[in-house]
Each structure stands twice: as C-alpha cells, then as structure tokens.
Amino acid sequence: MMKRRSVLAAAPTLLAAPALHAQGAWPNRPIRMVVPYTPGAATDAMARLAAQKIGERLGVPVVVENRAGGNGAIGSLAVLQAPADGYTILGSASVHPMARQVMKAAPYDPVADFVPLSRTARGPLVLVMDPRRPQQTLSEVVEAAKRDPSKWSFAVSSLGAAGHLSAIEFNRVTGARVEIVGYRGTAPALSDVAAGNAQLMLDAVLAMLPMVRGGQVRGLGIATPARTALAPELPTLSEAGLPGFEFYSWYGVWGSRALPAEIVARFHEAVTEGMREPETVQRLASLGFEPVVESQSTLETFIRDDVARNAALLRLAGFQPE
C-alpha cells in the first residue's frame with residue numbers, strides 16, 4: 001500500500017514550443033538551474049556542483065533555484081515552460097525519468113520532452129532505522145517486520161526515486177511486505193525516521209551518514225558490493241543478510257528536448273570535463289559519490305534501460321501510479 005503525504009499541484013498541459021535562439025553568442029547572461037526538490041539533500045548538492053562546473057566552463061553564473069513539489073513535477077515543468085534557449089535547465093536525479101511510471105497524470109514525458117545533458121555522479125544507498133527499536137541487525141529487523149508488518153514502514157524521499165525502488169526490492173527479497181510511504185524530499189522522510197514516525201529508509205550516503213554518526217538513526221548497512229572507506233563501520237547489505245543487494249542513486253542535468261544540438265553538446269562537454277577534474281573526483285569521494293563520464297549516446301541508452309528495469313520492478317510490486 002502506498003500513502004502520499006503530498007498532493008501533486010495542478011499543472012497546465014504542456015504545449016510544444018519551437019526552440020528559441022539566444023541573441024548573440026551563447027551564453028551571454030546567467031543560466032538558471034531548477035532543482036525540483038528541497039535544498040540540502042543529495043540531489044541539491046549534486047546539482048549545485050554541476051552548476052558550479054558549468055559556470056566555470058561557460059563563463060557565466062549558473063543560479064540554482066529550488067522549486068519543490070508534485071513529486072518533482074513543478075520544477076521540471078518550469079524548465080519545459082521556459083524558452084528552449086539554453087538559459088533554463090534541470091538538475092535532478094534518477095527519479096526524473098520515472099515520472100510517467102509513478103504519476104497517473106504526469107504533465108510531461110520525461111524521456112520524450114527532455115534531453116539528458118549529462119549524468120554527474122552516482123552514490124550508494126544506506127539502510128537506516130528508527131534507533132528506538134530494539135533490533136540491532138538487519139536479520140532481526142527482517143524477522144520482526146515479517147512477524148508484524150503493521151508496526152513497520154519505509155519512508156521514501158520521492159515516488160520512483162532510488163530509495164523507493166530499493167524499498168520495493170527489499171520487500172520482494174525478504175518477503176516482509178513493509179508499507180512504503182512517500183514524502184516530499186529526503187529531509188522530511190529522514191526526520192520522520194529519526195522521530196520514530198517511520199521505521200526504515202534507504203537513501204543516499206550523503207544524507208544518511210551524518211545522521212547515523214550523530215545517533216539520530218541506526219545504520220544497518222550500505223548497498224555496495226564491498227565496504228567503503230567512507231563508512232567502514234557499516235557492513236554491506238550482502239554481509240548483513242541480503243546477498244547481491246546493491247542500489248545506487250544517480251544524478252544529472254537535463255534540458256528541453258527542443259534545445260539546439262550545439263547547446264546540448266556544450267552543456268555535455270562542460271559537465272563531463274568538470275566532473276573528471278581531480279579535485280572534483282576527490283570532493284565527490286569524500287561525500288560517498290563517484291563521477292559518471294559517458295558519451296551522449298551512451299547516456300540516452302543508459303536512461304532507456306534504467307527506466308525499463310525500474311518500470312518492471314514497479315509492475316512486479318503491483319505499484320499503481322498516483
């Protein structure tokens with residue numbers, strides 16, 4: 001069963017608009033990057049890093065604007081409603097291409113209407129729980145959740161996000177049937193776990209690790225094939241009792257599909273060159289992420305395959321778009 005604690009804001013039907021070319025050499029004024037989620041979480045952090053790298057290479061400021069709501073639809077739609085001239089782009093995460101799989105009446109097609117400009121990074125998920133519960137290990141959690149699932153719930157930052165999909169997979173492989181509750185971002189979801197209003201959450205290491213080390217939540221494991229130097233105290237979820245359980249969230253930059261090809265190419269180059277800088281790689285590693293550098297054609301293929309895999313997982317779970 002899915003419950004929503006947010007209501008999708010009504011959005012006008014998207015009308016296709018022709019590409020508008022900037023006057024003079026592009027870019028010659030600040031670029032706006034819309035982040036469709038609240039500040040402070042991994043999506044926002046990765047978008048701000050991408051904005052910095054784009055600005056350094058294109059020679060203009062890139063201003064980040066957070067426009068949360070509607071499971072990411074409000075900010076995403078704002079990008080499509082802006083002129084397709086290269087001055088408004090989207091900084092989001094792997095949840096973005098899943099809009100039509102999780103929203104009953106998505107006001108856009110995230111694959112057909114948006115062009116991916118570049119992925120930026122990926123990071124593993126960490127499983128945490130309410131520290132007030134007596135269970136200390138993953139096997140104890142699974143046993144308790146299977147015995148009485150009504151006493152357990154999974155908080156997820158957004159429907160279709162990596163945390164949501166991994167929670168579905170957790171239920172599938174354990175048979176626990178824990179209720180999944182959607183929130184409007186990582187911060188409120190994690191706060192509810194810390195407060196005991198939800199009991200479990202899988203999300204990016206950037207958001208989870210400080211709360212684990214501060215004792216606000218209990219870390220159960222990390223969804224990587226081997227332990228990470230960033231958090232050596234956390235076992236892998238495979239070690240903890242879920243063999244082969246690996247999940248990553250990834251982040252990227254999109255524009256309107258109507259963007260001129262030369263602008264798409266320049267954005268792609270700016271991001272990929274910025275993410276492979278040694279100091280950027282080191283900074284990402286300190287946050288638990290690794291850069292993603294790939295060609296434009298490889299990126300398009302990756303997203304199609306990722307959407308197909310995740311859509312199959314949603315169908316397997318009997319998830320109905322809301």
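For clarity, every value in this text was computed on a predicted model and none was experimentally measured.
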Exercise for review: Could you tell me whether a side-chain N or O of T236 sits under 3.5 Å from a main-chain N or O of I222, the two making a donor and an acceptor?
Suggested key: no
Review point. G91 and M33: which non-hydrogen atoms are nearest, and at how many Å?
Key: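 Taking every non-hydrogen atom into account, N-CG, 3.7 Å.
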Revision key, fill the gap. Closest non-hydrogen contact found for S249 with Y251 is OG-OH, 3.3 Å
Exercise for review: Return the minimal non-hydrogen interatomic distance between P116 and E300, and the atom names on each side.
Suggested key: CD-OE2, 3.6 Å
**Study point:** Hydrophobic cluster identity match, F170 and L190, side-chain contacts under 4.5 Å
**Key:**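 Different hydrophobic clusters.
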Review point. Quick check, are the ring centers of F319 and H164 under 6.0 angstrom apart?
Key: yes
Point to revise | Contact check, side chains of V34 and I89, non-hydrogen atoms, under 4.5 Å | key: no
Point to revise | Spatial distance of atom CD (E169) from atom CG (L237) [nearest 0.5 Å] | key: 11.5 Å
Check your understanding: When you look at F247 and L202, which way does the side-chain contact (heavy atoms from CB on, under 4.5 Å) test go after all the steps?
Key -> CA-CA 9 Å; F247 255 94; L202 275 153; over 6 Å; no
Practice item. Supply the atom-to-atom distance T43 OG1 to H96 NE2, rounded to the nearest 0.5 angstrom. Key: 12.0 Å
**Study point:** Hydrophobic cluster identity match, V178 and L159, side-chain contacts under 4.5 Å
**Key:**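 Yes, V178 and L159 fall within the same hydrophobic cluster.
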Exercise for review: Determine whether L313 and F154 fall in the same hydrophobic cluster, where Ile, Leu, Val, Met, Phe, Trp and Tyr are linked whenever their side-chain heavy atoms lie under 4.5 Å apart.
Suggested key: yes
**Study point:** Under 3.5 Å donor-acceptor, N171 side chain and A176 backbone
**Key:** no
Check your understanding: Side-chain contact, heavy-atom cut-off 4.5 Å: W254 with S76?
Key -> no
**Study point:** pair P27-Y87: side-chain heavy atoms closer than 4.5 Å
**Key:** yes
Check your understanding: Pick from L125, V102, N310, V95: which one makes a side chain to side chain contact (heavy atoms under 4.5 Å, CB included) with L165?
Key ->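 Only match with L165 under side chain to side chain contact (heavy atoms under 4.5 Å, CB included): N310.
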Practice item. Calculate, to the nearest 0.5 Å, the distance between atoms CD1 and CG belonging to I263 and D85 respectively. Key: 7.0 Å
Review point. What are the two closest heavy atoms between Q199 and S153, and how far apart are they?
Key: OE1-N, 2.9 Å
Check your understanding: Is there side-chain contact between T186 and M201, with at least one heavy-atom pair below 4.5 Å?
Key -> yes
Check your understanding: Taking the side chain as C-beta and beyond, is there a heavy-atom pair between V217 and M208 under 4.5 Å?
Key -> no
Check your understanding: Is there a donor-acceptor contact under 3.5 Å from the side chain of E269 to the main chain of A265?
Key -> no
Review point. Is it the case that Y37 and N71 place a side-chain donor and acceptor less than 3.5 Å from each other?
Key: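 There is no such pair (donor and acceptor under 3.5 Å, judged by atom type) between the side chains of Y37 and N71.
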**Study point:** Derivation and outcome, side-chain contact (heavy atoms from CB on, under 4.5 Å), residues R57 and R266
**Key:** CA-CA 9 Å; R57 276 154 184 75; R266 289 191 65 188; over 6 Å; no
Review point. If we only count heavy atoms from C-beta on, is the E290 to R122 side-chain gap below 4.5 Å?
Key: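 Yes; the side chains approach each other to less than 4.5 Å.
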Point to revise | Pair R48 + D44, salt bridge at N-O below 4.0 Å | key: yes
Check your understanding: Short question: side chain of R218, backbone of P131 - any donor-acceptor pair under 3.5 Å?
Key -> yes
Check your understanding: Does the distance from a Lys or Arg side-chain N to an Asp or Glu carboxylate O, for E56 and K53, drop under 4.0 Å?
Key ->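 Looking at K53 together with E56, the answer is yes, because their closest N to O distance falls below 4.0 Å.
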Check your understanding: Are side-chain heavy atoms of T224 and E246 found at a separation under 4.5 Å?
Key ->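 Side-chain contact under 4.5 Å: no.
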Point to revise | Euclidean distance, L200 CG relative to E179 CD, rounded to 0.5 Å | key: 12.0 Å
Exercise for review: Could you tell me which non-hydrogen atom of P97 sits nearest to which non-hydrogen atom of V307, and how far apart they are?
Suggested key: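 Closest heavy-atom pair between P97 and V307: CB-CG2, 3.5 Å.
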**Study point:** E277, R276, M275 screened by side chain to side chain contact (heavy atoms under 4.5 Å, CB included) with E273, the one that passes
**Key:**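 Result for side chain to side chain contact (heavy atoms under 4.5 Å, CB included) with E273: R276.
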Review point. Rounded to the nearest 0.5 Å, how far apart are CG of L49 and CG of L287?
Key: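 Going from CG on L49 over to CG on L287, the span is 8.5 Å.
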Check your understanding: For the hydrophobic clusters of this structure (ILVMFWY residues joined by side-chain heavy atoms under 4.5 Å, transitively), does one cluster hold both M103 and F114?
Key -> yes
Review point. Is the NZ or CZ atom of R119 both under 6.0 Å from the centre of the six-membered ring of W250 and within 45° of that ring's axis?
Key: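 Geometry flag: set, cation within 6.0 Å and 45°.
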Check your understanding: Closest heavy-atom contact between R100 and P110?
Key -> CG-CD, 3.8 Å
Exercise for review: Ignoring hydrogens and angles, tell me if any N or O in the side chain of S256 forms a donor-acceptor pair with the backbone of A258 under 3.5 Å.
Suggested key: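 Yes, the answer is positive, given that a donor and an acceptor are paired below the 3.5 Å cut-off.
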Exercise for review: Determine whether more than 12 heavy atoms belonging to other residues, nucleotides or ligands lie under 6.0 Å from atom CD of Q282.
Suggested key: no
Point to revise | Donor-acceptor contact below 3.5 Å, side chain R227 vs main chain P232 | key: yes
Check your understanding: Are V205 and M46 joined in one hydrophobic group, where the rule is that I, L, V, M, F, W and Y side chains link up if heavy atoms are under 4.5 Å apart?
Key -> no
Review point. Checking S118 side chain against V253 main chain: does a donor-acceptor pair fall under 3.5 Å?
Key: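 The answer is no, because no donor-acceptor pair under 3.5 Å joins these two groups.
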Practice item. Check step by step if ring-ring contact (aromatic ring centres under 6.0 Å, His included) holds for W26 and F267. Key: CA-CA 11 Å; W26 180 89; F267 271 125; 5.1 Å; yes
Practice item. I would like to know whether T280 and R283 meet side-chain contact (heavy atoms from CB on, under 4.5 Å); could you show each step before the answer? Key: CA-CA 5 Å; T280 305; R283 181 178 173 187; 5.6 Å; no
Review point. Would you find a donor on one side and an acceptor on the other, under 3.5 Å apart, between the side chain of S295 and the backbone of T298?
Key: yes
Exercise for review: Report yes if the side chains of D203 and V126 come closer than 4.5 Å at any heavy-atom pair, otherwise no.
Suggested key: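 Side-chain contact under 4.5 Å: no.
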Exercise for review: Return yes if some donor-acceptor pair links the side-chain N/O of R67 with the main-chain N/O of G75 below 3.5 Å, else return no.
Suggested key: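 No; judged by distance alone, with no hydrogens or angles, the pair does not exist.
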Practice item. Go through the steps to decide whether V60 and N28 satisfy the test side-chain contact (heavy atoms from CB on, under 4.5 Å), and finish with yes or no. Key: CA-CA 7 Å; V60 296; N28 55 24; over 6 Å; no
Check your understanding: Has R213 got more than 12 heavy atoms of other residues, nucleotides or ligands less than 6.0 Å from its CZ?
Key -> yes
Revision key, fill the gap. Interatomic distance, CG@L117 vs CG@L259, rounded to 0.5 Å, equals 6.5 Å
Point to revise | Geometric cation-pi criterion R147 and W152, 6.0 Å radius, 45° cone | key: no
**Study point:** Identified side chain to side chain contact (heavy atoms under 4.5 Å, CB included) counterpart of R257 within the set V264, V115, L80
**Key:**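 When V264, V115, L80 are each tested with R257, the side chain to side chain contact (heavy atoms under 4.5 Å, CB included) holds only for V115.
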Review point. Are the side chain of D113 and the backbone N or O of D109 linked by a donor-acceptor pair below 3.5 Å?
Key: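 Confirmed, D113 side chain pairs with D109 backbone.
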